[in-house]
Amino acid sequence: MKKSSIILITSILFVLSLSRATAQSFNAGLIAGATFSQIDGDRYYGYNKVGLTAGGYVSLPFSNHFAAQMELKYTQMGAHSSVKEVVEYGYPEYDLRLHYAEIPLMLRYDFGYFNIGGKSLDFLILEAGISLDFLLKYRGEMDYSTELWKLNFFSATGNFGIHFNITDHFGVGARMMYSILPMQTNPTPQYWFDHSYNKVIQATVTYNFYSPLR
């Protein structure tokens, strides 16, 4: 069985078991969506690499409007050359897909303190945090200027996003993600630009097993 499948199945079982054991205090659910990625540090630009993300989460409220959330996801990142870069600039075609086990740790704030026309804004949530990323495997060709660099097994990514609860169980969200620890390193680094960093836009759909905790 592929490592990505093991991560996904493990995350679902983890969420199901923990949510049943702690249903009175925790919320839990599943996440699935798409990633649009590029790598800062190669010669290519644009969120041209499309990938998948899927997994589960548990969320613990610790005040009326704040909650902490931990996730376990399989996430694809990477980079891909654009038509303009290949045709107009003469760059070689470039495709790199990175497969990660991602563990985001997020702080979430819902806007239930505010209301418009008597309607609470608790369906709107801002979130920020850090994810711990473990490289499972990679596939494809790297940019020739960095192809001898080391792909790091561990990296970390800063996350900032917004989430909307559409119903009691379904929601949609979007996040901006940028490496705070490099995903690729020159064997003899001397400067900041001797590293490469993941830069990702992530769009997701969530399913809550219980009604969202306000």
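All residue numbers in this chain count up from 1 along the given sequence.
- Looking at heavy atoms from C-beta onward, T35 lies out of side-chain contact with I201 at the 4.5 angstrom threshold.
- Annotation: the span from L96 atom CG to S37 atom OG amounts to 10.0 Å, rounded to 0.5 Å.
- The hydrophobic cluster containing M106 does not contain V58, counting ILVMFWY residues as joined when their side-chain heavy atoms lie under 4.5 angstrom apart, directly or transitively.
- At a threshold of 4.5 Å between non-hydrogen side-chain atoms, the residues Y94 and D42 count as touching.
- For the residue pair H65 and D110, a side-chain donor N or O sits within less than 3.5 Å of a side-chain acceptor on the partner.
- Linking ILVMFWY residues whenever their side-chain heavy atoms come closer than 4.5 Å, directly or via other members, places I103 and L181 in the same cluster.
- Under the side chain to side chain contact (heavy atoms under 4.5 Å, CB included) test applied with F154, the options L132, D133, L135 reduce to a single match, L132.
- Put simply, CD on E93 and OH on Y44 are 9.0 Å apart, with the number rounded to the nearest 0.5 Å.
- Side-chain contact, S155 with N198: no donor N or O sits under 3.5 Å from an acceptor N or O.
- Under the side chain to side chain contact (heavy atoms under 4.5 Å, CB included) rule, M77 has a single partner from Q202, M177, K199, which is M177.
- V172 places none of its side-chain heavy atoms less than 4.5 Å from the side chain of T204.
- At a threshold of 4.5 Å between non-hydrogen side-chain atoms, the residues L124 and I162 count as touching.
- Using a cutoff of 4.0 Å between basic side-chain nitrogens and carboxylate oxygens, K49 and D95 are scored as salt-bridged.
- The shortest side-chain heavy-atom distance between Y178 and D40 falls under the 4.5 Å cut-off.
- Here the shortest heavy-atom pairing between I130 and A156 reads CD1-CB, 4.1 Å.
- Between the CG atom of L151 and the CG atom of L98 there is a distance of 6.5 Å, given to the nearest 0.5 Å.
- Between T53 and A34, the shortest heavy-atom distance links the atoms CG2-N, 4.2 Å.
- Ring orientation note: the planes of Y109 and F66 are tilted relative to one another, at an angle of 30° to 60°.
- No donor-acceptor pair under 3.5 Å is formed between the side chain of S196 and the backbone N or O of M183.
- Neither I180 nor Y197 shares a network with the other; the hydrophobic side chains, linked directly or stepwise wherever heavy atoms of I, L, V, M, F, W or Y lie under 4.5 Å apart, form separate groups for each.
- The minimum heavy-atom distance between F62 and A67, with the atom names listed, is CE2-C, 3.6 Å.
- Note: the hydrophobic cluster containing I39 does not contain Y47 (ILVMFWY, side chain heavy atoms under 4.5 Å, direct or indirect links).
- In this structure, the separation between CG on L107 and CD on Q69 is 10.5 Å, given to the nearest 0.5 Å.
- Applying the salt bridge (Lys or Arg N to Asp or Glu O under 4.0 Å) criterion to R97, with sequence neighbours excluded, gives no partner residue.
- S82 OG to Q38 CD: the interatomic distance, rounded to the nearest 0.5 Å, is 10.5 Å.
- For Y100 and F134, the ring centers sit 6.0 Å or farther from each other.
- Checked by atom type and distance alone, the side chain of T167 pairs as donor or acceptor with a backbone atom of F170 at under 3.5 Å.
- Contact check on E71 versus R175 returns a salt bridge, with a Lys/Arg side-chain nitrogen under 4.0 Å from an Asp/Glu carboxylate oxygen.
- Between H195 and Q184, every side-chain heavy-atom pair lies at or beyond the 4.5 Å cut-off.
- Counting heavy atoms from C-beta outward, F111 and L126 have side chains that approach closer than 4.5 Å.
- Taking CZ of F160 as the start and CE of M176 as the end, the distance is 10.5 Å to the nearest 0.5 Å.
- Counted by atom type alone, Y74 and H99 present one or more donor-acceptor pairs between their side chains at under 3.5 Å.
- Looking only at distances, a side-chain donor or acceptor of N159 sits under 3.5 Å from a matching main-chain atom of T157.
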